[in-house]
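Working notes, beginning with the structure itself.
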Number of protein chains: 2
Amino acid sequence: MAKKNYQREDVLDNVISLFWQQGYAASSIQQITKATGLKPGSIYHEFESKEKLFQEALARYATASIGAIHQKMADTENVNEGIKQILADLVEQSKSCDYCGCFLIKTQLELASQGNTLYQFASMQLSNIEKIYTEYLSRLYSNEQAKAYAAQLMTVIFGIRTYGYQADSANTITQTINALLPWLNEH
Amino acid sequence: MAKKNYQREDVLDNVISLFWQQGYAASSIQQITKATGLKPGSIYHEFESKEKLFQEALARYATASIGAIHQKMADTENVNEGIKQILADLVEQSKSCDYCGCFLIKTQLELASQGNTLYQFASMQLSNIEKIYTEYLSRLYSNEQAKAYAAQLMTVIFGIRTYGYQADSANTITQTINALLPWLNEH
DNA sequence: CTGCTTTTTGAACAGTCATTCAAACAATGA
DNA sequence: TCATTGTTTGAATGACTGTTCAAAAAGCAG
């Protein structure tokens, strides 16, 4: 088989959901082989190590998440409407019985204590997302106000990403968002 | 040695910080023996399994956290002042270089996907804390309003517990709290 | 001192971990 | 056809996993 019989991206997609659900430490190579259909050798041939594989999966997740933000912003009338829809999507996700929050946040929490490269990467991506929100909010508000609102938004997103684990929390979350971020209903 | 040469609570305190920092999966029995000074046999004699040990550590952490809330409320003029101080303490904690968030939240995120007993326990404790806040807030507000404010408070706490991992976030967090929870400055 | 009970010890268990590698394999270009 | 190149295989590596257990040790009661 001189030509590889799998697509790098397909493998990554399978690996993302495994790592996302279980975290780094709890996901074994054995499980990865099962999820991808690849043998250990192939995995190590294509991706140098478990850590590198995780990093690439996380990067792909981050890219997709950022892409989704831009997409929403392009599809909606104004920035606040876009943000409202993004938040509504998060609430919708939290209704799923196998809800597993945000891959970046989970990685940050799991690997923070070890000064890990993966932690730093996740942390950087999250702060990058905040910057993106800041830029969009600058369309409606002053730079200073946009920065403050973006920090509020990220805090609320982090909050509902955790609150979403509580049973039957969707309605409460929706009301909480409206109470915490009243400025979303301006414009 | 017919009398045990360690205190159950001291062992738990050591174990709490290990599990808190590293999480369940990444903390090995070998590390636990190092952190506690106990040999494997003693650990399994005193605590049935790694899972039971973790559960007991988590319970002790939760009890201490809840105790700290009641203490703050007893020490302050009114409920809102107490909450403000609790939040200020969280901000202070986030300044530490080895900040590791909230043990309950980390456990919930790490172990959610497996329908784990430990996840359910952490989740229950967090919703219990929300209930406690609701009761305190009932002193100042109607039952309905207190419930809504407690949900907002929990969301913000969850949020800053994650936001706290970002470098130099303390000032931003303080401003964000004031913006998100303006009612804390009433009374 | 002699049994009895409780605790400690640390080696040993079977299983799993991440990773490696030589060999088998398949496609390409000459 | 044949050597070359890149890919897949799957067993094997040594280290580490959570857990067990028989033996040793130490206190107590008689």
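Residue numbers start from 1 in every chain, and the chains themselves are labelled A, B, ... in the order their sequence lines are given, proteins ahead of strands. All heavy atoms count here, side chains included; hydrogens, waters and symmetry mates do not.
- Closest to the B:K39 side chain, of the nucleotides D:dT8, C:dG10, C:dA18, is C:dG10.
- Going from atom NZ of B:K34 over to atom C1' of C:dG10 covers 16 Å, rounded to whole Å.
- Using cut-offs of 30° and 60° on the angle between ring planes, the pair B:Y119 and A:Y165 is perpendicular.
- Look at CD on B:E46: it is 16 Å from P on D:dT20, rounded to the nearest Å.
- A side-chain donor from one of A:R161 and A:Q93 sits under 3.5 Å from a side-chain acceptor of the other.
- Remark: P of C:dT19 and CZ of A:F54 are 14 Å apart, rounded to the nearest angstrom.
- Atom CG in A:N5 sits about 12 Å away from atom C1' in C:dC25, given to the nearest Å.
- Each of B:S42 and A:L38 was matched to the nucleotide of DNA chain D holding its nearest heavy atom; the match closer to the 5' end belongs to A:L38.
- Atom OH of A:Y44 is separated from atom P of C:dT19 by 3 Å (rounded to the nearest Å).
- In this entry the distance linking NZ of B:K4 with P of D:dC28 reads 15 Å, nearest Å.
- Counting any heavy atom pair closer than 4.0 Å across all strands shown, A:F47 reaches no nucleic acid atom.
- Remark: B:S113 pairs with A:Q21, A:Q22 by the side-chain contact (heavy atoms from CB on, under 4.5 Å) rule, at least two apart or across chains.
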Protein within reach of the bases, or only the backbone? For nucleotides 12-17 of chain C, mark each nucleotide 5' to 3' as B, S or -, using heavy atoms under 4.0 Å.
-----S
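- DNA chain D is contacted by no residue of residues 7-24 of chain A, taking any non-hydrogen atom closer than 4.0 Å.
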For residues 176-184 of chain A, which side-chain N or O atoms pair as donor and acceptor with protein atoms under 3.5 Å away, sequence neighbours left out?
| from | atom 1 | to | atom 2 | distance (Å) |
| --- | --- | --- | --- | --- |
| A:T176 | OG1 | A:T172 | O | 2.7 |
| A:N178 | ND2 | A:T174 | O | 3.4 |
| A:W183 | NE1 | A:Q152 | OE1 | 3.1 |

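- To the nearest 0.5 Å, the span separating OH on A:Y136 from CG on A:L153 amounts to 13.5 Å.
- Residue pairs that meet the salt bridge (Lys or Arg N to Asp or Glu O under 4.0 Å) test with at least one member in residues 134-159 of chain A, sequence neighbours left out, do not exist here.
- Protein atom NE2 of A:H45 is 11 Å distant from nucleotide atom C1' of D:dT5, rounded to whole Å.
- Rounded to whole angstrom, the span from the CD1 atom of A:I32 across to the P atom of C:dA18 amounts to 7 Å.
- A cation-pi arrangement, defined by a distance under 6.0 Å to the six-membered ring centre and an angle within 45 degrees of its axis, is present between B:K50 and B:Y24.
- Pairs of residues two or more places apart, or lying in two chains, that qualify as salt bridge (Lys or Arg N to Asp or Glu O under 4.0 Å) and include a residue from residues 65-74 of chain B are B:K72-B:D89.
- The closest side-chain donor-acceptor pair between A:D13 and A:Y61, if any, does not fall under 3.5 angstrom.
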